[in-house]
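Every value quoted in this text rests on a predicted model; they were computed, and no experiment measured them.
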Amino acid sequence: MFRAMPAICLLFSLLFALSCKEKSSSPGFSFKMPEQGQAFGLGEDVKVALDVPEGTNITSATYLVDGKEVGKKNNAEGISVNTTGLSLGYKLITAVIDNGTSKDTLTINIELKSSLKPELYGYQVINTFPHDTSAYTQGLEFHNGRFLESTGQEQHSTLRWVDVKTGKALQQIKLDDKYFGEGSSLVGDKVIMLTWRDRLGLVFDAKSFKQLSTFPYQASMEGWGLCFDGNQLIKSDGTNKIWFLNKDTYKEEGSIVVYDNNGPVDALNELEYIDGKIYANVYTKNIIVVIDPKSGVIEKQIDCSGLLPADYFKDEDAKANNVLNGIAWDKDGKRLFVTGKKWPHMFELKLQPKK
């Protein structure tokens with residue numbers, strides 16, 4: 001007790017000194033608008049104004065959104081920020097205020113949401129092909145007349161080239177039993193494959209399937225879906241966030257968050273890049289969403305209900321887990337393929353707008 005007293009006194013002295021220092025260095029600026037956490041539709045103008053104490057002089061005020069300058073004034077006048085071209089989610093608004101003798105920095109967050117109602121699509125089945133019912137499909141792509149498929153579950157995860165007509169594996173490698181395999185994508189002469197919760201990506205030679213290297217995830221916590229847009233790898237992690245990875249170093253270089261007109265859309269899973277858009281399965285739902293990779297806005301929603309009979313999976317666990325997952329695009333033939341985890345069929349679909 002006696003020995004603790006000096007430490008307590010010192011702590012209070014430090015806190016008092018810091019509070020006095022903060023009070024004396026701050027002229028009392030704050031944001032008049034917007035409000036903390038206020039929501040706006042993408043494309044809306046956001047009015048930004050300062051609450052300035054009476055008699056306080058401002059020589060300049062610089063405004064930034066996520067660190068990028070969007071306006072500057074040589075007085076206390078506010079600005080209007082046009083949100084067109086920004087991505088969705090929380091944005092940090094910063095005001096750097098100079099009163100001639102000192103600078104003060106204020107920050108506040110707003111949320112940008114999508115105001116676009118997605119176009120609704122159904123489908124027409126063009127062709128039906130066999131699919132291996134032992135394949136817990138996690139990744140799917142079409143290359144040179146074959147499917148590249150990765151499958152999951154501990155002790156059963158594989159990477160394989162698959163014959164389209166028969167659904168049989170032409171070449172296959174089994175992952176180490178400890179890995180739960182996830183999405184995969186072909187980049188040049190390599191196949192990049194994710195694991196679920198090991199926070200580790202695997203790199204294989206595309207011809208031999210020899211494992212060449214591994215790489216760690218950075219900010220993303222899990223691996224779900226993966227595709228390639230020709231410049232960057234695009235990765236999902238089970239949330240409403242999409243990550244963009246360097247195709248050579250596999251470092252995360254950016255991200256977007258995904259919304260429809262009702263709010264964030266979570267559980268984004270298997271991915272495919274088609275004609276400049278990201279197609280994503282929504283885990284446990286018979287839905288594929290089409291995402292603008294620049295903004296995160298869901299532009300279309302594809303209802304894939306009815307591809308399998310409702311009673312195909314009898315076991316309740318199977319019904320819950322063996323869901324729609326797997327999107328592949330034949331770029332040259334303009335063919336769209338979908339399947340599901342342990343589904344008996346691969347379907348070639350033609351999308352049709354719903355009336």
Side-chain angles (χ1 to χ4, degrees), residues 31-50 63-71 78-95 106-123 220 224-225 227 229 232 234-244 254-305 327 351-355:
F31 281 102
K32 184 183 295 183
M33 62 178 67
E35 296 178 3
Q36 174 64 33
Q38 187 173 348
F40 297 87
L42 186 64
E44 266 189 76
D45 288 343
V46 178
K47 295 188 183 300
V48 181
L50 299 172
Y63 299 92
L64 307 95
V65 174
D66 285 348
K68 183 178 180 180
E69 186 175 323
V70 293
I79 65 167
S80 182
V81 179
N82 187 283
T83 61
T84 300
L86 297 180
S87 59
L88 299 175
Y90 284 94
K91 300 294 166 186
L92 182 69
I93 297 178
T94 303
L106 304 177
T107 60
I108 197 167
N109 283 291
I110 62 168
E111 185 180 16
L112 292 183
K113 295 185 173 183
S114 174
S115 54
L116 179 69
K117 186 176 181 180
E119 296 178 58
L120 301 180
Y121 280 75
Y123 63 86
S220 60
W224 284 47
C227 66
D229 68 1
Q232 292 179 300
I234 303 172
K235 174 181 181 287
S236 64
D237 63 3
T239 67
N240 74 318
K241 200 163 193 175
I242 297 287
W243 301 85
F244 298 95
S255 64
I256 56 172
V257 288
V258 177
Y259 286 64
D260 64 12
N261 58 310
N262 295 313
V265 175
D266 294 313
L268 300 175
N269 199 1
E270 214 275 315
L271 306 177
E272 184 76 8
Y273 189 78
I274 303 174
D275 293 338
K277 306 295 180 182
I278 302 169
Y279 284 57
N281 284 118
V282 180
Y283 183 53
T284 74
K285 297 183 179 180
N286 289 313
I287 290 173
I288 296 171
V289 293
V290 181
I291 305 160
D292 179 350
K294 293 182 179 179
S295 66
V297 169
I298 291 179
E299 299 179 336
K300 299 176 183 177
Q301 179 176 295
I302 304 161
D303 182 358
C304 293
S305 300
I327 310 166
L351 301 183
Q352 298 177 325
K354 285 190 174 183
K355 296 181 179 179

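The stretch residues 284-295 participates, sequence neighbours left out, in these side chain to side chain donor-acceptor pair (under 3.5 Å) pairs: Asp292-Ser295.
In summary, of the residues considered (Ile278, Ile288, Ile327), a side-chain contact (heavy atoms from CB on, under 4.5 Å) with Glu272 occurs for Ile327 alone.
Counting all heavy atoms, side chain and backbone alike, Tyr63 lies closest to Leu50 at OH-CD1, 3.4 Å. In terms of heavy atoms, Val46 sits closest to Ile93 at CG1-CD1, 4.4 Å. Contact between Ile108 and Gln36 at its shortest, heavy atoms only, is CG1-OE1, 3.0 Å. Heavy-atom minimum distance, Gly43 versus Asn82: O-ND2, 4.0 Å. Here the closest heavy-atom approach between residue Val70 and residue Val81 is recorded as CG2-CG2, 3.9 Å. For Phe40 against Pro34, the heavy-atom pair with the smallest separation is CZ-CB, 4.0 Å.
In this structure, CD1 in Ile298 is found 6.5 Å from CG in Leu268, a value given to the nearest 0.5 Å. Rounded to the nearest 0.5 angstrom, Lys113 NZ and Tyr90 OH are separated by 7.0 Å. With values rounded to the nearest 0.5 angstrom, Thr84 atom OG1 is found 7.5 Å from Asp45 atom CG. Separation of atoms OG1 (Thr94) and CD (Glu69) is listed at 11.5 Å; rounding is to 0.5 Å.
With Ser87 contributing its side chain and Gly296 its backbone, the two residues share no donor-acceptor pair below 3.5 Å. In this structure a side-chain-to-backbone donor-acceptor pair under 3.5 Å is missing from Tyr283 to Glu270. Looking only at distances, a side-chain donor or acceptor of Asp66 sits under 3.5 Å from a matching main-chain atom of Leu92. Counting only distance, with no hydrogens or angles, the side chain of Ser236 and the backbone of Asn269 share a donor-acceptor pair below 3.5 Å.
Contact check for Ile256 versus Leu88: no side-chain heavy atoms found under the 4.5 Å cut-off. Side-chain contact between Asn261 and Pro118: present, with at least one pair of heavy atoms (C-beta onward) separated by less than 4.5 Å.
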What verdict does the side-chain contact (heavy atoms from CB on, under 4.5 Å) test give for Ile234 and Phe244, after you've listed the backbone C-alpha separation in whole Å, the side-chain angles of each residue and the deciding distance to 0.1 Å?
CA-CA 5 Å; Ile234 303 172; Phe244 298 95; 3.9 Å; yes
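Heavy atoms of other residues, nucleotides or ligands lying less than 6.0 angstrom from CD of Gln38 number more than 12.
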